[in-house]
Amino acid sequence: MRKYAFLLFSIVFLFQCNSVLSATEPFRFALFTDLHLNANNPTPAEDLLNAVNEVNSIKGIDFVLVSGDISESGDSISLSNAKKIFDKLQIPYYITAGNHETKWSESGATDFAHIFGNDKFVFTHNGCEFIGFTTGPIIKMGDGHIAPQDIDWVQSELDKTGSSMPVFMITHYPLLKGDVDNWYEMTDVIRKYNVQAVLGGHYHRNMVLNYDEIPGIVNRSTLRATDSVGGYSIYSISDSIRVYEKKIGQEPKLWLTLAFETKKYDRPDNALKPSFEVNNINKNVKEIWMINSRVGLYCTPAVANNMVFYGDDLGYMNAVSLQNGKNSWKFKTGNRIISSPAVASDRVVFGSTDGSIYCLKASSGELIWKFKTAKAVMGNPLLKNDTVFIGGSDGNFRAISLKDGSQLWKFSGLRGYVETKPVYAQNKLYFGAWDSNFYALNATDGSLVWKWNNGNPGMHYSPAAVLPVYSHAKIFITAPDRFWTALDAETGKVIWRTNLHEVRETEGISEDGNVVYSRCLNDSVVALDTRTNSLKLIWKTDAGYGYDHNPSMLVERAGIIVFGTKNGLLHGIDAKTGAVMWRHKIGNSIINTVNIISRNECVLTTSEGIIAKIKY
């Protein structure tokens, strides 16, 4: 009897599955990706316009999907120009952002949603659900990343859809290890539903991949590259999923056919997920408390009066107890907070991508003053002599009264945004901006003392993400060009400059100021002598963290250097010898620069929403 009951159930189940798919009317859509519009090169815009005009001329294409990297630098001008071209489409289009919109962005990756209405989308067409979400790292260099609140949003949308409706997911990065740090969190969610495939780009070529059983379809760029014309993809949905490459003016070429069928995925392959076994080895490292806020975090937390302060992706400044992490208060700004707060005299100061600089009462969260600028403020404030020193995205670096928020002076010579914290020494302020320049300003009146350029064209090699180090009348900086540079603090002249160690955007200074540290792109930590005017290596050690380009600074206290990696691995290094003392895995996403609060304790945040107090 059980055998026949099972057979009857199977027949009914198959009938239901087939009826769901047979209810889907055949349709076609186009997919554009990796457009890379920029002000210095008209060709990407021409390629996009050609694709738009051709799609308008083809009958039977119902809509266009756009899966990221619309611009080269995430700037509002390029995004607005792209929108003007997209608006020429005679059919709907649905768009999400790529890493070029989220990593390099003067708005803190907020212009995209302002210009296009959102950076996510969901809609139903002919019985199929389409869900688009972003996978780019926010401002800080690292692997692709899905904000925890976006994972929760996808889950809620799929819950509304149900398990039977065919679903197509659209994003920029492939959901693979090495591409997206928390890929498995998303695949664990979507595998429970009838997901036909995940569509995207990033690689600029056609590929079919496997995201823990879920089909991943990577598509060509709209750019012509070395060809004479650009192109795009056309999808045909009927009894199968057929994908065509369509070069401008040429016949489409079929390159992939997948079954359009009810998908049932096995349990996730946990062997593909990151291992936390290291935490069983280094048991001396303890998590005193840890909170997962389920909201992206990108700042270094500040600590004062037994409270921890940090901003989040939803625009809140939060205050929690240093003792147990319990929430004390939160204050809402108009957009995400990337700026790391600074605290002094019961005042917490920070910038927001809503364009304002805020000063709150640290004990209560009450607003004391607010200074409005023309664009986002991602710079980290320095509080010195009752003055707030902070850079923004509007071309200005400012000195503001901590007492009442009045502007004391501003330097208006910047051609790119500021995301770092200035270093104060000898009445000068030192910092880099995303305009290829490094600046020294007079702290009294904001006048330019000197500026230095590493000679690389464009913004992408700017010494802008690193927290500079001052010691023995020298300024030390690292940059994406993989050079380590020592500058004369008075004149800005180069004392030495080397790419021997392939460092990038990380530094730290010993407590006595005699040693400067940096992390190499692959595994190694390096210590150099700050007292000499020539390159003098003190030690170099293999820390075993693999490839890492996260700008998490190295912080030393009581002889221990502490830093985190792009994949959630916290390290303790002996400052004297370079020996690895311990490792502890917090998660698998970016650990922001830590705040050491005692000889063996720190507080930290991660891009996956974790706030923690660690003892080591």
Side-chain angles (χ1 to χ4, degrees), residues 73-74 97-110 112 134-150 172-173 178-182 295-301 310-313 335-341 350-353 376-380 391 393 416-421 431-434 459-468 477-480 482 503-508 518-519 521 545 547-555 563-570 586-595 604-611:
S73 303
N99 59 296
H100 279 257
E101 281 78 58
T102 60
K103 167 61 187 92
W104 296 283
S105 169
E106 64 184 8
S107 71
T110 61
F112 192 94
T134 63
T135 43
I138 300 295
I139 297 302
K140 296 183 179 181
M141 183 58 74
D143 292 342
H145 178 74
I146 311 166
Q149 68 269 22
D150 285 355
H172 184 65
Y173 274 105
D179 284 300
V180 176
D181 54 30
N182 58 345
V295 178
L297 306 175
Y298 314 113
C299 70
T300 297
Y310 63 91
D312 68 32
D313 213 0
N335 219 318
R336 72 163 43 104
I337 298 172
I338 295 169
S339 172
S340 296
F350 60 95
S352 170
T353 57
V377 182
M378 295 179 286
N380 302 327
S393 297
Y417 63 91
V418 175
E419 69 170 272
T420 190
K421 180 179 181 178
F431 63 93
W434 285 103
M459 64 172 288
H460 293 137
Y461 295 100
S462 302
V466 68
L467 177 61
I477 54 174
T478 57
R482 306 183 182 186
V503 294
R504 174 176 178 147
E505 299 178 313
T506 64
E507 274 194 318
S518 188
R519 290 191 290 123
L521 282 173
Y545 50 74
Y547 178 80
D548 196 278
H549 52 341
N550 164 37
S552 175
M553 305 304 146
L554 302 92
V555 185
F563 65 88
T565 70
K566 67 182 178 67
N567 293 122
L569 194 59
L570 192 67
I586 302 295
N588 205 53
S589 299
I590 286 175
I591 298 177
N592 302 304
T593 301
V594 304
N595 186 341
L604 57 83
T605 62
T606 76
S607 61
E608 59 192 311
I610 290 172
I611 315 101

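Because only heavy atoms are used, hydrogens play no part in the values below, and waters and symmetry mates are left out as well, while side chains stay in.
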Decide, yes or no, whether a salt bridge links Asp548 with Lys566 under the criterion of side-chain N to carboxylate O below 4.0 Å. no

Just verifying a value: how many Å separate Ile591 CD1 and Leu604 CG, rounded to the nearest 0.5 Å? 6.0 Å

Please examine the side chains of Thr102 and Pro137, heavy atoms only from C-beta on, and report whether any two atoms are closer than 4.5 Å. yes

Any non-hydrogen side-chain atom of His100 less than 4.5 Å from a side-chain atom of Ser73? no

Under the 3.5 angstrom rule, does the side chain of Arg336 hit a backbone N or O of Ser352 as a donor-acceptor pair? no

Residue pair Glu106 / Trp434, side-chain donor-acceptor N/O under 3.5 Å: no

Could you walk me through whether Lys103 and Ile138 pass the side-chain contact (heavy atoms from CB on, under 4.5 Å) test, one step at a time? CA-CA 5 Å; Lys103 167 61 187 92; Ile138 300 295; over 6 Å; no

Using side-chain heavy atoms (C-beta onward) and a distance below 4.5 Å, is Leu521 in contact with Tyr547? yes

Looking at Ala464 and Thr420, what are the two nearest heavy atoms and their distance? O-CB, 3.4 Å

Nearest atoms (heavy-atom pairs only) where Asn550 meets Gly564: ND2-O, 3.7 Å

Is the side chain of Glu608 donor-acceptor paired with the backbone N or O of Ser589 at a distance under 3.5 Å, no angle test? yes

Got a donor-acceptor contact below 3.5 angstrom from the Ser107 side chain to the Ala376 backbone? no

Where do Pro463 and Ile477 come nearest, in terms of heavy atoms and distance? CB-CD1, 4.0 Å

Determine whether His460 and Trp104 make a side-chain contact, defined as any pair of heavy atoms from C-beta on separated by less than 4.5 Å. yes

Asp179 meets the side-chain contact (heavy atoms from CB on, under 4.5 Å) criterion, sequence neighbours left out, with Tyr173, Pro174, Leu176, His202, Tyr203

I need the single residue from Thr605, Thr606, Asp313 that forms a side-chain hydrogen bond (donor to acceptor under 3.5 Å, both in side chains) with Tyr298. Which is it? Asp313

With sequence neighbours excluded, tell me which residues meet side-chain contact (heavy atoms from CB on, under 4.5 Å) with Asn588. Asp181, Tyr184, Pro274, Asn567, Lys585

How far apart are the C-alpha atoms of Tyr310 and Phe350, what are their side-chain angles, what is the distance that settles it, and do they pass the side-chain contact (heavy atoms from CB on, under 4.5 Å) test? CA-CA 9 Å; Tyr310 63 91; Phe350 60 95; over 6 Å; no

Student check: side-chain heavy atoms of Leu467 and Thr593 closer than 4.5 Å: no

Flag side-chain contact, heavy atom, 4.5 Å: Glu505 against His549: no

Would you indicate whether the side-chain heavy atoms of Ser607 and His145 approach each other to under 4.5 Å? yes

